[in-house]
Structures are given as structure tokens and as C-alpha cells.
Amino acid sequence: MTAFGIRISRTPDIARLAKASGHHAIWVDLEHSTISLDAAGAICAAAHDLGLMALVRVPEREYGAIGRLLDAGASGLIFPRVETADQAADLAAACRFPPHGHRSAIAVLPQFGYRRLPVAETYRLANDTVVVNVLIERPLGIRNAEAIARVPGVDLVSIGTNDLSAEHGVPGDYRHPLVQQALNDALAACARAGKPLSIGGIADAALNAELLARGAAPFLMTGIDTDLLLASMQERVRNALAGHAAVAVRTPEAQTA
């Protein structure tokens, strides 16, 4: 599955671009942006209508945002810095209606076309389709990875490798033995628990391929809108300057020099 990250975009058009470019999912980053819940919800609802999975990374364990984002159209939530099974259980419960959680009651949801279904059916459908993704980013979380993965209602475990490497004192050194050992431990823990583990934050394609071969889930982050926009703008500047230089060497002054 290919997923595109959103940090600076504010309109549903970014979901349409993700769909047009062949992505399967989007994830809206509220941990590292000032995107409002309103804008995030509109983007997620558009993505859902287009057949894309729409995930939102909330700031830490931001319980006040969970229900509102799911009510607005998010397919699921990404929770950063989860370190214990108890934390994971609280988050999973916040994403599901009773009897599997404590999500607040709502009559209609955009995911089901705002149809007023029997309450029990709405709850069952919502509970069955929501995705709870917990993100491990610290050594304590790695040590508790198996217990976290075994929590009922946790659907996907992920590793934030940038934060994890920084916590080990080797920021950005993804091949450092400490980081590699942590990734191996997490892969083994999730395999024992029977839950998929995705590993994010690594731009090294060769290392990503190695991790997939070692059992990491193929949840592929293709990039984020800030990086894509910057790279495209830099390329446009290079092309413009190259075109200008080509014209300059064909001027009469250059030809008679």
C-alpha cells in the first residue's frame, strides 16, 4: 500500500491528487502541523469518497480529537509515542463504540453516506472498519512491543525510526547497531503477536527493501507534501536557469567572441 503524507495542504484537492497519482492512502499529520480538525476532516471525507484510506496522526494521545476526526470521515488514527500496553488499550477503546470501547455515540457517519442505520449496525460497521495504528518511537516502546501488539483493537504497529534513532543517541543513523537491533526486536515481537509492523521515516530505498524482506509490512510512505513541493520547485528553478544559460550562449555576442 502506498501512502502520501499531508502537512501543509489544507483542501480536499490534495486527496484528489493522491488518488490521481496512484496512491492507496493518505495520512494527515496533525502532530507536526497547524492543520485544523475541520480541514483534516474535509480532506479525509474526500479521500474516503475517492476510495482512499484516510489516516490522521494526532498529537501524542490527544483524546479530544479522536472522536471528532473519526466522526468527520477519517478511516483511522495514528498515535505517536505509545510506550505501554495500557496506553495502547486506552487509545483502541477511544476509537470504538461499546461494547469494544468508549467512543461517544453519534447517529450518522460520512463513511456510511450519512444513512440513519440501526444504532447497533452503525456501531458494528464503525468498529469493524476503523484502523488503530500505534507508533513506537522510544526504547521503552520497543521493550513493550509484543504486549502493545497483543492489545485487542490495535490493528497496526509502526516504528518512527527518526525519533527512535534520536532516542538512541544516533539521530538519522538507521543502520546503527542499536537501531537495527531495536527494529529486529520489534519485528520479532509483532510476529509473535500476529500483528503487522510497518517501519517509517527511512528514505533509504535499499534499507526499506531489506526491512520488507525481514518481515516489515508493505505500508509504503512515498513522501509528504512539503518534500514533494520543495523538490518540484527546485527542479523548476534548475530547468529555468538551464534554459536561460542555453539562450545566453546563442546570443550574437557569444557567437562572435
Side-chain angles (χ1 to χ4, degrees), residues 1 3 5 25 27-32 53 55-67 69-70 74-103 126-170 174 176-202 208 211-212 214-221:
M1 174 181 287
W27 60 282
V28 184
D29 187 3
L30 300 189
E31 184 186 20
H32 296 293
M53 178 180 286
L55 302 175
V56 183
R57 180 164 71 180
V58 296
E60 299 262 339
R61 292 171 289 281
E62 186 62 49
Y63 290 94
I66 293 172
L69 288 166
L70 294 175
S75 307
L77 299 179
I78 303 169
F79 296 105
R81 297 183 181 273
V82 175
E83 299 185 306
T84 69
D86 285 344
Q87 291 173 351
D90 285 345
L91 295 168
C95 292
R96 287 183 169 85
F97 294 107
H100 303 296
H102 309 291
R103 181 176 168 185
N127 286 347
D128 288 347
T129 56
V130 71
V131 176
V132 176
N133 179 194
V134 297
L135 187 57
I136 294 174
E137 300 175 283
R138 293 176 176 171
L140 177 58
I142 297 293
R143 292 195 292 272
N144 290 325
E146 183 172 352
I148 290 170
R150 289 189 182 278
V151 169
V154 168
D155 303 294
L156 175 65
V157 180
S158 297
I159 301 294
T161 320
N162 284 304
D163 282 293
L164 182 64
S165 64
E167 292 284 347
H168 278 292
V170 289
Y174 309 126
H176 191 280
L178 287 174
V179 177
Q180 287 298 301
Q181 184 60 57
L183 297 181
N184 286 338
D185 290 346
L187 284 166
C190 288
R192 290 192 298 270
K195 293 285 179 69
L197 173 73
S198 70
I199 298 175
I202 299 175
N208 281 323
L211 292 169
L212 290 175
R214 283 152 58 184
F219 191 79
L220 308 175
M221 305 291 189

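FYI, side chains are in, hydrogens and waters are out, and symmetry mates aren't considered; it's all heavy atoms of this structure.
- Remark: Arg81 CZ to Ile136 CD1 distance equals 13.0 Å, nearest 0.5 Å.
- Side-chain contact between His168 and His176 is absent, with no heavy-atom pair separated by less than 4.5 Å.
- Arg150 contributes a side-chain N or O that, together with a main-chain N or O of Arg192, makes up a donor-acceptor pair within less than 3.5 Å.
- Side-chain N/O atoms of Asn184 and Gln180 include no donor and acceptor closer than 3.5 Å.
- Between the side chain of Asn127 and the backbone N or O of Phe97, at least one donor-acceptor pair lies under 3.5 Å.
- Note: Leu197 CG to Ile159 CD1 = 5.0 Å, rounded to the nearest 0.5 Å.
- Note that CD of Glu167 is 5.0 Å distant from CZ of Arg138, once rounded to the nearest 0.5 Å.
- Distance alone, capped at 3.5 Å, places no donor-acceptor pair between the Lys195 side chain and the Ile148 backbone.
- Between Ala74 and Val56, the closest heavy-atom pair is CB-CG2, 4.1 Å.
- Counting heavy atoms of neighbouring residues, nucleotides and ligands inside a 6.0 Å radius, atom NE2 of His102 does not exceed 12 of them.
- When side chains are defined from C-beta on, Ile199 does not count as touching Tyr174, because their heavy atoms never get closer than 4.5 Å.
- For the residue pair Ala193 and Ala149, the shortest heavy atom distance occurs at CB-CB, 3.6 Å.
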Between Leu220 and Asn208, does a side chain to side chain contact (heavy atoms under 4.5 Å, CB included) hold up when you go through it step by step? CA-CA 9 Å; Leu220 308 175; Asn208 281 323; over 6 Å; no

Pair Leu69-Leu30, side chain to side chain contact (heavy atoms under 4.5 Å, CB included): steps then yes or no: CA-CA 11 Å; Leu69 288 166; Leu30 300 189; 4.0 Å; yes

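- Rounded to the nearest 0.5 angstrom, Asn133 CG and Phe79 CZ are separated by 9.0 Å.
- Between the side chain of Glu62 and the main chain of Val58, no donor-acceptor pair closer than 3.5 Å is present.
- The shortest non-hydrogen separation linking Leu77 to Cys95 is CD1-SG, 4.2 Å.
- In this structure, OG in Ser158 is found 9.0 Å from CG in Leu55, a value given to the nearest 0.5 Å.
- Counting heavy atoms from C-beta outward, Leu91 and Ile66 have side chains that approach closer than 4.5 Å.
- Of the candidates Asp155, Asp128, Asp90, Arg96 forms a salt bridge (charged side-chain N to carboxylate O under 4.0 Å, His left out) with just one, namely Asp155.
- Nearest heavy atoms, Ala3 versus Trp27: CB-CD1, 4.1 Å.
- Considering every non-hydrogen atom in both Pro59 and Pro80, the closest pair reads C-CG, 4.4 Å.
- From Glu60, atom CD reaches atom CZ of Arg57 across 10.5 Å, with rounding to the nearest 0.5 Å.
- Summarising the geometry of Ala88 relative to Val134, their closest heavy-atom pair is CB-CG1, 4.4 Å, with the distance given to 0.1 Å.
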